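Just below is one structure, and these are the notes that go with it.
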Amino acid sequence: MSKKNSRPVVKDDLFALIKAMSPSEKRYFSVNNSRKRDNKGQEERSEYLDLYDLLSKMEEYDDTKLKQAFKARLADTKAYLYDAILRSIRQYRSKRLRYGQIKDKILDARYLNDLGLYDQAFASLDSAAEMAESIDDNLSLLEINRERRKIMRMQLNQPMIDSMADCIAAYPKELQKIQIEASHLEKYDQIMSKMVLNAMVKSEEEKQTLAQDFHLLLDLSNEPTRPLARLRFFQGRFFYYFYLGDLQNAYKNSNEVLKIWSALPVLQVEEKIMYINDMTNNLNVLCLFKQYDEASKKLNDLKKIETHSFHEEYLLFRRFTHIDLYLRINQVELNQLDELEASVAQGLKQYKIPAGTESSMLYNLTFLFYMAERYDVCIDYTDRILKRYQVQDRIDARFSASIIRILAMYDHEGDQIDNAFRSTLRLFQAQSADFDLSFENEIVQFFQKLNKATERERKSLIAEYLNHLIQHHLDPAKYRMGMNEVMAHWCRAKLKGIGFAEQVRRGGNPFQTA
């Protein structure tokens, strides 16, 4: 017995559907479902449109309000409206997406066959087959083969018998294409699932088991020839090497994925979500390699992607903003921060971003304002992050924000720094049973000591702490949000008498002893 797909609980599927529609989809529905007028020119009552208008205006779903307005008719009206919206979306999408057009052509052929219009039915299937070939839709090609043979059976003359033989011969070949694509899709899904659950391979034994389980991906002689199967093959290889921590091979295979996309611009439209995800994977590896200039160029390509649905807009905002903030920090790009702040705020308001992702975005924005020495704004953002007590995802952003608040208050010579020390230590103490916060506690203790020191003593204390960082805190994998590197840059900036941003901009290894 198959299990149902798990999904988040939605208070009302119809309400969720309306909220997920893009403005253009809503306009299309409204135009094609306009209210009719009677002989006197008065609008006739259309209950499903009344329900649509009411739900569209709701910020939160209110079942009581709906029951008062529609009483016993509510369930039937909701069901009719739900079907009407889906019909409208299918019609709207089929004008742009070939998958929908292919299905429509196949259905047209069935209806024409039922009417005995065999030539027209064949013409419809020929058109469907041409579109299916353009996007490597092998499942549709298999269905088209079946429909062609159904028409042929109705008129078994010699030409049709010959054509039937061709279709019979093509059928196992089309099945084989599907089987090859399915096998690579299976490996792609398996390795991606492993990575989501375990983040990274940790032992040699795991690596050996992985190599056995995914030997199909490792042998380039298994590279398929069909575009979709090749795409799945190299996507799987990307995740395999990324899971191993082999960034060089992960990046190499990610580039192969993008080459396939470049050769299939039609598929970019049909599979927009997958295309955005693959571009993002490529950008993430570039960032890990610190190839920031190349990543910036590709980020512009990501931004140019044309979206046609609310979900595509949301995904593009989330992916683009995450990488944009990261690149701005590492390239010390501090111009137009007010515009950036407004864009992030608008996106967080417009889209339902996961709480952990929102915390990460807010932290990166906070760090940019710290680098720009806009300490008041920076401290306001750290307070905003620290008040998100209910958010357990990306709690590392809360810990790191508490340290950035201390840095900002110290640099700004704020008179509330002692309060910041106490509140930060309370936060760490409350979380000490679940997290190792020894490094963060060490930073607070360093600043407590520094804050009480005289001006003459501070330089030697900072030099002493920098030496301590170099000796004991080199491995970035052990520290949240790269805080060891942040502290090393901060110490060097103070010792040189320059700003933190200038120190980072000059580059170099902050842990270098020479």
Side-chain angles (χ1 to χ4, degrees), residues 192 195-196 199-200 238-239 242 247 250-251 254 257-258 272-305 307 309-372 378 381-382 384-385 388 391-401 404 476-477 480-483 485-486 504:
M192 186 171 62
M195 193 185 75
V196 170
M200 191 170 288
F238 163 77
F239 279 111
F242 194 86
L247 295 181
Y251 180 59
S254 178
V257 169
L258 294 191
K272 186 68 62 65
I273 300 298
M274 183 166 41
Y275 180 50
I276 291 172
N277 283 335
D278 283 339
M279 286 196 70
T280 306
N281 290 335
N282 189 266
L283 281 162
N284 283 334
V285 179
L286 275 174
C287 289
L288 290 171
F289 273 136
K290 298 186 177 182
Q291 301 296 313
Y292 301 131
D293 289 340
E294 185 178 350
S296 294
K297 294 175 183 176
K298 289 189 174 180
L299 185 63
N300 287 329
D301 293 335
L302 182 66
K303 189 177 183 179
K304 292 174 184 176
I305 292 178
T307 57
S309 74
F310 186 80
H311 183 65
E312 289 173 1
E313 290 175 9
Y314 149 76
L315 187 66
L316 192 60
F317 166 78
R318 180 177 170 182
R319 298 284 195 266
F320 175 85
T321 304
H322 166 73
I323 297 170
D324 185 36
L325 290 168
Y326 182 88
L327 286 175
R328 285 173 185 260
I329 288 171
N330 285 280
Q331 292 180 300
V332 198
E333 177 53 65
L334 306 177
N335 295 323
Q336 300 178 318
L337 286 188
D338 291 327
E339 292 85 344
L340 174 65
E341 180 186 22
S343 173
V344 172
Q346 175 62 29
L348 293 178
K349 180 180 178 181
Q350 185 174 0
Y351 308 110
K352 192 171 183 180
I353 304 294
T357 302
E358 183 175 351
S359 291
S360 178
M361 286 183 182
L362 292 175
Y363 173 79
N364 286 332
L365 197 57
T366 300
F367 196 75
L368 281 168
F369 279 114
Y370 172 72
M371 295 177 82
C378 172
Y381 266 102
T382 60
R384 180 174 167 182
I385 294 169
R388 295 164 61 86
V391 178
Q392 293 304 307
D393 292 339
R394 295 308 306 266
I395 197 169
D396 55 339
R398 281 182 64 203
F399 298 148
S400 299
I404 297 300
R480 298 174 184 89
M481 316 294 276
M483 195 52 66
E485 191 171 345
V486 170
V504 176

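Predicted model, so just to flag it, every value in this text is computed and none were measured. The figures here come from the full heavy-atom set of this structure, side chains too, leaving out hydrogens, waters and symmetry mates.
- Summarising the geometry of Leu302 relative to Leu316, their closest heavy-atom pair is O-CD1, 3.4 Å, with the distance given to 0.1 Å.
- Distance check, rounded to the nearest 0.5 Å: CG of Leu325 to OH of Tyr363 gives 12.0 Å.
- Side-chain N or O atoms of Ser359 include one that pairs as donor or acceptor with a backbone N or O of Ala355 at under 3.5 Å.
- A heavy-atom distance below 4.5 Å is not found between the side chains of Met481 and Val486.
- For the pair Leu247 and Tyr251, the minimum side-chain heavy-atom distance is 4.5 Å or more.
- At a threshold of 4.0 Å, the pair Asp324-Arg328 counts as salt-bridged, since one of the basic side-chain nitrogens sits closer than that to a carboxylate oxygen.
- Atom CG of Leu315 is separated from atom OH of Tyr275 by 13.5 Å, given to the nearest 0.5 angstrom.
- A ring-centre distance under 6.0 Å is found for Phe242 and Phe238.
- Val285 places none of its side-chain heavy atoms less than 4.5 Å from the side chain of Gln291.
- A distance of 5.5 Å separates CE of Met192 from CZ of Phe239, quoted to the nearest 0.5 Å.
- Taking NZ of Lys303 as the start and OG1 of Thr321 as the end, the distance is 9.5 Å to the nearest 0.5 Å.
- The shortest heavy-atom contact between Ile404 and Cys378 is CG2-SG, 3.7 Å.
- Annotation: the span from Ile329 atom CD1 to Asn364 atom CG amounts to 4.0 Å, rounded to 0.5 Å.
- Shortest non-hydrogen contact noted between Arg480 and Ser400 is O-OG, 3.8 Å.
- Ring-plane geometry between Phe369 and Tyr381 is classed as parallel, the angle between the planes falling under 30 degrees on a 0 to 90 degree scale with a further cut at 60.
- A donor-acceptor contact shorter than 3.5 Å is absent between the side chain of Thr357 and the backbone of Ile353.
- You'll find the side chain of Val257 stays beyond 4.5 Å of the side chain of Asn282, heavy atoms only.
- Atom CD of Glu358 sits about 9.5 Å away from atom CD1 of Ile385, to the nearest 0.5 Å.
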With side-chain contact (heavy atoms from CB on, under 4.5 Å) as the criterion, how do Glu313 and Phe317 come out once you've worked through the C-alpha distance, each side chain's angles and the decisive distance to 0.1 Å?
CA-CA 6 Å; Glu313 290 175 9; Phe317 166 78; over 6 Å; no
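- Side-chain contact between Leu340 and Leu337 is present, with heavy atoms from C-beta onward closer than 4.5 Å.
- Checking side-chain atoms of Ser343 against main-chain N and O of Glu339 turns up no donor-acceptor pair under 3.5 Å.
- Residues meeting the salt bridge (charged side-chain N to carboxylate O under 4.0 Å, His left out) test with Arg319, sequence neighbours left out: none.
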What verdict does the side-chain contact (heavy atoms from CB on, under 4.5 Å) test give for Glu341 and Leu365, after you've listed the backbone C-alpha separation in whole Å, the side-chain angles of each residue and the deciding distance to 0.1 Å?
CA-CA 7 Å; Glu341 180 186 22; Leu365 197 57; 4.1 Å; yes
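- Using a 4.5 Å cut-off on side-chain heavy atoms (C-beta onward), Arg318 and Pro354 make contact.
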For side-chain contact (heavy atoms from CB on, under 4.5 Å), just list the numbers for Asn330 and Cys287, CA-CA rounded to whole Å, side-chain angles, deciding distance to a tenth of an Å, and then say yes or no.
CA-CA 9 Å; Asn330 285 280; Cys287 289; over 6 Å; no
Pair His311, Ile273 - check side-chain contact (heavy atoms from CB on, under 4.5 Å), show working.
CA-CA 9 Å; His311 183 65; Ile273 300 298; 3.7 Å; yes
CA sep, side-chain torsions, deciding dist, call: Glu333, Asn335, side-chain hydrogen bond (donor to acceptor under 3.5 Å, both in side chains)
CA-CA 6 Å; Glu333 177 53 65; Asn335 295 323; 3.1 Å; yes
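- Looking at Thr307 and Tyr314, their side chains never come closer than 4.5 Å, going by heavy atoms from C-beta outward.
- Annotation for Leu283 and Leu299: closest pair CD2-N, 3.7 Å, computed over non-hydrogen atoms.
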